[in-house]
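The next block holds one structure in the form of structure tokens; read it before the comments.
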Amino acid sequence: QVQLVESGGGLVQAGGSLRLSCAVSGRTFSRHAMGWFRQAPGKEREFVATIRSSGGSTYYAGSVKGRFTISRDNVKNTVYLQMNSLKPEDTAVYYCAAGYDSNWLIGAGQYNSWGQGTQVTVSS
């Protein structure tokens with residue numbers, strides 16, 4: 001397994017932007033598909049975005065498509081989530097996840113390593 005540490009969360013006004021980072025330890029980062037999930041208070045954890053191990057392909061939840069961009073740097077062992085045009089309904093704890101697979105992964109159960117989460121709050 002790998003260890004993941006998220007950063008970059010915070011408070012932002014609606015329409016603003018944030019960039020989340022997830023630093024991954026271990027020498028197998030480039031063999032892992034990566035994903036971002038989020039969980040709002042009282043709600044289940046939901047899929048946000050995923051990227052292939054090579055970084056060549058991505059997939060997004062419909063609620064964030066066109067506003068969020070997932071990317072990765074396989075030299076720095078880091079995955080990013082650029083979030084633009086933020087809305088109050090994007091408020092949640094955001095989690096980074098790693099799955100030992102070359103293809104992108106959508107289901108939370110497909111991931112075997114998780115970060116501790118970072119809070120994103122969007123004010124109206």
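As the structure is a computational prediction, the values presented were derived from the model and not from experiment.
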Quiz item: Who passes side-chain hydrogen bond (donor to acceptor under 3.5 Å, both in side chains) against Gln82, sequence neighbours left out?
Solution: Asn84

Quiz item: Does any pair with a residue in residues 33-93 pass disulfide (SG to SG under 2.5 Å), and if so which ones, sequence neighbours excluded?
Solution: none

Quiz item: Can you tell me how far the CG atom of Asn103 sits from the CD1 atom of Ile51, to the nearest 0.5 Å?
Solution: 12.5 Å

Quiz item: Other hydrophobic cluster members with Tyr80, side-chain heavy atoms of Ile/Leu/Val/Met/Phe/Trp/Tyr under 4.5 Å, chained?
Solution: none

Practice problem: Could you pull out all residues at least two apart from Tyr94 that satisfy ring pair (Phe, Tyr, Trp, His ring centres under 6.0 Å)? | Solution: none

Self-check item: Partners meeting side-chain hydrogen bond (donor to acceptor under 3.5 Å, both in side chains) with Trp104 (sequence neighbours left out)
Solution: Ser57

Practice problem: Sorted by first residue and then second, give each salt bridge (Lys or Arg N to Asp or Glu O under 4.0 Å) pair with at least one member in residues 63-92; sequence neighbours left out. | Solution: Arg38-Asp90, Arg67-Asp90

Quiz item: Hey, what do you get for NE2 (His32) to OG (Ser102), rounding to the nearest 0.5 Å?
Solution: 12.0 Å

Self-check item: With Ser54 via side chain to side chain contact (heavy atoms under 4.5 Å, CB included) - residues at least two apart
Solution: Arg52

Could you list the donor-acceptor pairs under 3.5 angstrom formed between side-chain atoms of residues 19-31 and any protein atom two or more places apart in sequence or on another chain?
unit_1 : atom_1 : unit_2 : atom_2 : d
Ser25  : OG     : Gln3   : N      : 3.2
Ser25  : OG     : Gln3   : O      : 3.4
Ser25  : OG     : Gln3   : OE1    : 3.1

Practice problem: Using the test side-chain hydrogen bond (donor to acceptor under 3.5 Å, both in side chains), find all partners of Ser7 that sit at least two apart in sequence or belong to another chain. | Solution: none

Exercise. Please identify each residue that fulfils side chain to side chain contact (heavy atoms under 4.5 Å, CB included) with Gln116, with sequence neighbours left out.
Key: Val5, Glu6

Exercise. Can you sort out the partners of Ser123 under side-chain hydrogen bond (donor to acceptor under 3.5 Å, both in side chains), two or more places apart, ordered by chain and number?
Key: none

Self-check item: Thr91 side-chain N/O to Val122 backbone N/O, donor-acceptor pair under 3.5 Å
Solution: yes

Exercise. State the CZ-OG1 distance between Phe37 and Thr50, to the nearest 0.5 angstrom.
Key: 7.5 Å

Self-check item: Which residues share a side chain to side chain contact (heavy atoms under 4.5 Å, CB included) with Ala49, sequence neighbours left out
Solution: Tyr60, Ile70, Leu81

